[in-house]
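Before I ask anything, let me first share the structure, which is written out below as structure tokens.
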Amino acid sequence: MRQNDSSGFTRRALLGAFAATAVAATPTFSNAAGFLRGGGDIRRIRMYSGRTGERLDMIYWIDGKYIKDAVKEVNHFMRDWRTDQAKSMDLRTIDIMAAAHNLMDVNEPYMLLSGYRSPQTNAMLRRRSRGVAKNSLHMKGQAADLRLSSRSVSQMARAASACSAGGVGRYSRSNFVHMDCGVVRTWGG
């Protein structure tokens with residue numbers, strides 16, 4: 001069915017023009033244009049913490065702008081629960097997490113295992129495990145370790161890797177995926 005208005009434009013052509021404008025106006029950062037394309041006008045992050053019992057279901061970005069108060073809540077939620085210290089999380093990491101979540105088409109919130117880590121916490125974890133980096137991006141607020149009960153580590157890692165926007169570590173034995181906004185790379189099994 002074709003509908004013309006008085007100017008000769010079809011409804012489909014007009015909607016297509018608006019869609020092209022929205023995609024062109026979407027803010028991007030290097031190496032991440034692919035996962036932001038078609039991202040829509042709203043970005044949402046859903047998580048819970050088994051350590052603190054807290055839950056977060058937050059729209060943190062609308063119409064090309066981050067919502068300051070929402071970002072503050074995300075930063076607080078992703079704090080180092082051992083020391084109760086918070087840091088401004090790199091919004092690129094939050095965007096990667098949200099985009100991967102959307103790609104998996106799941107309603108379940110992420111279980112946050114680790115967001116920001118204080119240098120003290122990182123040093124303690126390094127003493128316990130060889131898998132903790134000395135200069136971890138967690139200490140810069142640029143990484144998160146996440147789990148979903150409804151998706152495998154492989155499924156989560158594929159979704160995060162599809163964003164082509166940062167590091168993705170698979171930790172199958174511990175059942176979690178590391179996502180960060182650093183150099184694009186993958187590791188683990």
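We count residues from 1, following the sequence as given. For the numbers below, each heavy atom of this structure counts, side chains included, while hydrogens, waters and symmetry mates do not.
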Is S49 close to W81 at the side-chain level, that is, under 4.5 Å between some pair of heavy atoms? no
Side-chain donor-acceptor pair present, Q120, T83, cut-off under 3.5 Å: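 There is no such pair between these side chains.
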When you compare the side chains of Y116 and N122, does any donor N or O come within less than 3.5 Å of an acceptor on the partner? no
Parallel, tilted or perpendicular: which one describes the rings of Y171 and W187, with boundaries at 30° and 60°? perpendicular
Nearest heavy-atom pair of L103 and A162: which atoms, and what distance?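 Closest pair (atom of L103, atom of A162, distance): CD1-CB, 4.0 Å.
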Any donor-acceptor pair under 3.5 Å linking the side-chain atoms of R170 with those of S154? yes
Can you find a side-chain donor-acceptor pair between D180 and T93 that sits under 3.5 Å?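 Note: D180 and T93 side chains miss the donor-acceptor criterion.
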In Å and rounded to the nearest 0.5 Å, what is the CD to CZ distance from E108 to R151?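 So the CD of E108 and the CZ of R151 are separated by 8.0 Å.
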Check for me whether the distance between the ring centres of H101 and Y110 falls short of 6.0 Å.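 Yes: the rings meet the under 6.0 Å criterion.
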Would you please say whether a donor-acceptor pair under 3.5 Å links the side chains of D95 and Y66? yes
Could you tell me whether the side chain of R117 reaches within less than 4.5 Å of the side chain of D145, counting heavy atoms only? yes
Please determine whether a side-chain nitrogen of the Lys or Arg among K140 and D90 lies less than 4.0 Å from a carboxylate oxygen of the Asp or Glu. no
Are the side chain of N75 and the backbone N or O of M89 linked by a donor-acceptor pair below 3.5 Å? yes
Identify whether F176 and V153 are in the same connected component of the hydrophobic contact network (ILVMFWY, side-chain heavy atoms under 4.5 Å).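 Cluster IDs for F176 and V153 differ.
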